[in-house]
Amino acid sequence: MSTHPVPVEYARQTNLTEAQYRKLYDRSLRDPTNFWSEMAQKFVTWYKPWDAVLTGSFEKLNMAWFKQGKLNAAYNCLDRHLGTRSKQAAIIWEGDNPDEVRHITYAELYEDVCRFANVLKKQNVKKGDRVCIYMPMVPEVVVVMLACARIGAIHSVVFGGFSPEALESRILDADCHMVITANEGLRGGKVIPLKKNVDEALINCPQVRKVIVIKRTENPVSWQEERDLWYHDLMKTVMPQCPPEMIDSEDSLFVLYTSGSTGKPKGILHTTGGYLVYAAVTHHYVFDYHDGEIYWCTADVGWITGHTYSVYGPLLNGATTLLFEGVPHYPSFSRFWEIIDKHKVNIFYTAPTAIRALRREGDQFLQGTTRESLKLLGTVGEPIGPDVWEWYYSVVGQSRCPVVDTWWQTETGGILISPLPGATPLKAGSAAWPFFGVEPAIVDDHGNEVADDQMGKLIIKKPWPGMMQTIYKNRDRFVAAYFKEFPGNYLTGDDAKRDSSGYYWITGRNDDVLKIAGHRIGTGEVEAALLHNADVSEAAVVAVPDEIKGEAIYAFVTLKVDIKPTEEIKKALIQQVRKSIGAIATLSYVQWADTLPKTRSGKIMRRLLRKIANNDLTELGDTSTLADPQVVDNLIANRLAVEESSRNN
Ligand code: WTA
């Protein structure tokens, strides 16, 4: 595997050289207290310093960062920049329609956040209350997130693509009493009925007292006089000043739901101090951010990447962050590249699924754009195969821009493994080296570290400041999901290997979490949705490769005894899953199965199903524990043809 040296044209002064990285990394492991103390002072402003940088451990599971320190997230993202950046754009927003563009300065964003914080107070929202945000990618989403942070309310952003059912379960789990939404969203020329979805979700959420609605389109929506309020009306009634609350470092900043292997989505709870320090430090080093640069992360704020690298990281560092409402293919497949030229984007961060989709359409969509403003490219969310990496590097970035392949998770709060531009020679398809303070290891099923180049499970041995505090209202699940298998270590759920130069190669999940077009979906959620259908007796879901989406959903479904499989039932099942979760969870393959392979104790053998769906029949492993081995032969005989993937060739 050849390495790419730092491109010669990457001429700007980088934040770091390789030698400096190694020195700092060693120090961050040897002396984490002083290392993080210095970072916390440099990147974040505190009202009151902490008593201890880190207390507790992975053994005792009582970690706390910057205990007793006091700060405010909105103050750090806004107020402290006003002296030097009040006229600088905090947000450049481009709408779904390319003609709609807004520049929002730090001073303007500050005023709007103060106003909305006052609105929240008037509505009796208090510190610690959870506020659900179900919005399109408009600047107001940042306003409401930071307004929550300003008064110490905990935001729970739900991706606007989730269905009313999915929204309902998240509102109930977090016990939100307020929902903030828009009448409609716009994506790819299509209207998303956000308010209508909220109305549907709230039928079963009587505790929600108020819905605040941003007017994004001119179309009317249904209205409940007692409950619904227009954002723009409320904003006129309040003052543009609101003193920030002093928040404890370990107080919660937000909850964000994500899928696990089993059960309902988990509310990942992030606290204030550690998260903010980690967001700012990683944004600074990984994106080599320099004053005045235009930074664009394409992630929706409904995901962790949107939280940390569209909102908190860049604003903490006084950056100009570009928010884009639309999709890469509308009005044409040139959209991303046109936005880069129009707004002179310097740093561009997106997901492999988008890169694959644009690459497939052909290089002609890049012609007519120069992308000359770019200095750095980033990717996140799933493995990027070497071929796609090379295209991103050489065609999009014209071999001038380092590519940072960043590995991390909702739970980790920020990037844990990534090249640092300027410092790390690049290897196509590798997330390279650990970030400061991060000590990964690759272990076998017994927890023993494996040799170089051997695949194993990726674990993290020590706490880092950005990590989640717990699962909202479910500490038992937090402990069981992440710390039970290898006590004293954080279990990532990913498989990986490390080569002899210390580069990490992450291949994807080893648990029952799917990554469909970069979106995280649990097999358990899809199976629960399928079981909602009265005709279904049993269902098991696995991932198969997909050229564009990375992974696609393959479902094995057993119908009730007297039900005959038909195209109608299949359509109804696909519809059912979309209704329960959202369009991101569309079934690509449905195989009817008379029975599913089970152990004698009745457990479905998903490992076997995964192999069958993937036509990987060479080593089916030990099938002797199967209640009825004949089942496997039947499933193999009826296997559906899955398109061959070219993603990692
Ligand atoms: C996967 C997204 C390979 C991984 C920030 C992880 C990646 C899951 C990469 C978390 C990468 C993320 N290379 N795989 N660079 N980045 N992943 O919570 O499987 O939506 O466990 O957070 O995405 O997904 P999540």
Side-chain angles (χ1 to χ4, degrees), residues 157 159 161-162 254-261 265-270 275 278-279 282-283 286 297-310 312-313 349-356 377-386 388-389 392 403-419 424 426-435 438 440 455 457-460 466-468 471 481-482 490-498 503-523 543 549-551 584-585 647-648:
V157 183
F159 173 57
F162 276 121
F254 65 83
V255 58
L256 181 60
Y257 284 83
T258 192
S259 300
S261 340
K266 332 179 241 207
I268 304 298
L269 193 65
H270 279 285
Y275 173 81
Y278 203 70
T282 48
H283 176 263
V286 176
C297 164
T298 67
D300 191 283
V301 288
W303 310 111
I304 190 68
T305 308
H307 280 61
T308 309
Y309 298 113
S310 295
Y312 287 109
Y349 188 34
T350 194
T353 189
I355 305 168
R356 286 192 297 260
L377 298 169
T379 151
V380 59
E382 19 157 7
I384 178 167
V388 176
W389 192 101
Y392 195 33
V403 172
V404 288
D405 174 0
T406 66
W407 175 86
W408 59 296
Q409 309 176 304
T410 307
E411 294 88 338
T412 70
I415 294 163
L416 292 199
I417 304 181
S418 171
T424 316
L426 303 168
K427 293 191 189 186
S430 168
W433 298 334
F435 192 73
V438 175
M455 288 299 299
K457 292 179 169 172
L458 178 65
I459 60 168
I460 312 290
M467 74 172 302
M468 66 170 145
I471 294 177
Y482 306 104
Y490 168 77
L491 179 72
T492 66
D494 278 319
D495 272 342
K497 66 178 181 189
R498 182 175 51 214
Y503 283 70
Y504 285 82
W505 300 80
I506 292 137
T507 52
R509 306 285 310 191
N510 54 32
D511 54 6
D512 293 316
V513 170
L514 311 173
K515 270 284 177 158
I516 314 295
H519 301 320
R520 191 166 153 175
I521 297 169
T523 52
K549 292 194 279 188
E551 287 186 342
I584 53 172
R647 75 186 159 131
N648 279 330

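For ligands, and for the atoms within them, numbers begin at 1 and follow the listed sequence.
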Are any of the N or O atoms of Glu411 closer than 3.5 Å to those of ligand 1? no
Counting N and O atoms only, with roles assigned by atom type, does the side chain of Thr492 sit under 3.5 Å from a partner on the main chain of Ile459, one being a donor and the other an acceptor? no
What's the shortest distance from atom 4 (C) of ligand 1 to any protein heavy atom, and which residue and atom give it? Asp494 OD2, 3.1 Å
Sidechain-backbone polar pair: Thr410 side chain, Ile304 backbone, donor-acceptor under 3.5 Å: no
Determine, considering heavy atoms only, which of Lys515, Glu382, Gln409 sits nearest to atom 24 (O) of ligand 1. Lys515
Mind telling me whether Phe254 and His270 have parallel, tilted or perpendicular rings, with 30° and 60° as the class edges? tilted
Distance under 4.0 Å to a non-hydrogen atom of Ile304: what atoms of ligand 1 satisfy this? 5 (C), 22 (O)
At under 4.0 Å between heavy atoms, which part of Arg520 makes contact with ligand 1: side chain, backbone, both or neither? side chain
Please lay out, stage by stage, how Thr350 and Tyr392 fare under the test side-chain hydrogen bond (donor to acceptor under 3.5 Å, both in side chains). CA-CA 11 Å; Thr350 194; Tyr392 195 33; 5.9 Å; no
Note: ligand 1 atoms sitting under 4.0 Å from heavy atoms of Thr305 are 5 (C)
Who passes ring-ring contact (aromatic ring centres under 6.0 Å, His included) against Trp408, sequence neighbours left out? Tyr309
Do Tyr490 and Thr412 touch side chain to side chain, with heavy atoms closer than 4.5 Å? yes
Determine whether the side chains of Tyr275 and Thr308 contain a donor N or O and an acceptor N or O closer than 3.5 Å. yes
Please tell me if the side chains of Glu411 and Thr258 come closer than 4.5 Å, counting only heavy atoms from C-beta onward. yes
Going by heavy atoms, is Trp303 under 4.0 Å from ligand 1? no
Just to be sure I read this right, does ligand 1 sit under 4.0 Å from the backbone of His519, its side chain, both, or neither, counting only heavy atoms? neither
What do we get for Val513 next to ligand 1 when only non-hydrogen atoms under 4.0 Å count, side chain, backbone, both or neither? neither
Option nearest atom 22 (O) of ligand 1 (shortest heavy-atom distance, choices Ile384, Leu458, Leu514, Thr410): Thr410
Candidate with minimal heavy-atom separation from atom 16 (N) of ligand 1, of Gly378, Pro383, Ser259, Gly381: Gly381
Heavy atom of the protein closest to atom 2 (C) of ligand 1 (residue, atom name, distance): Trp408 O, 3.9 Å
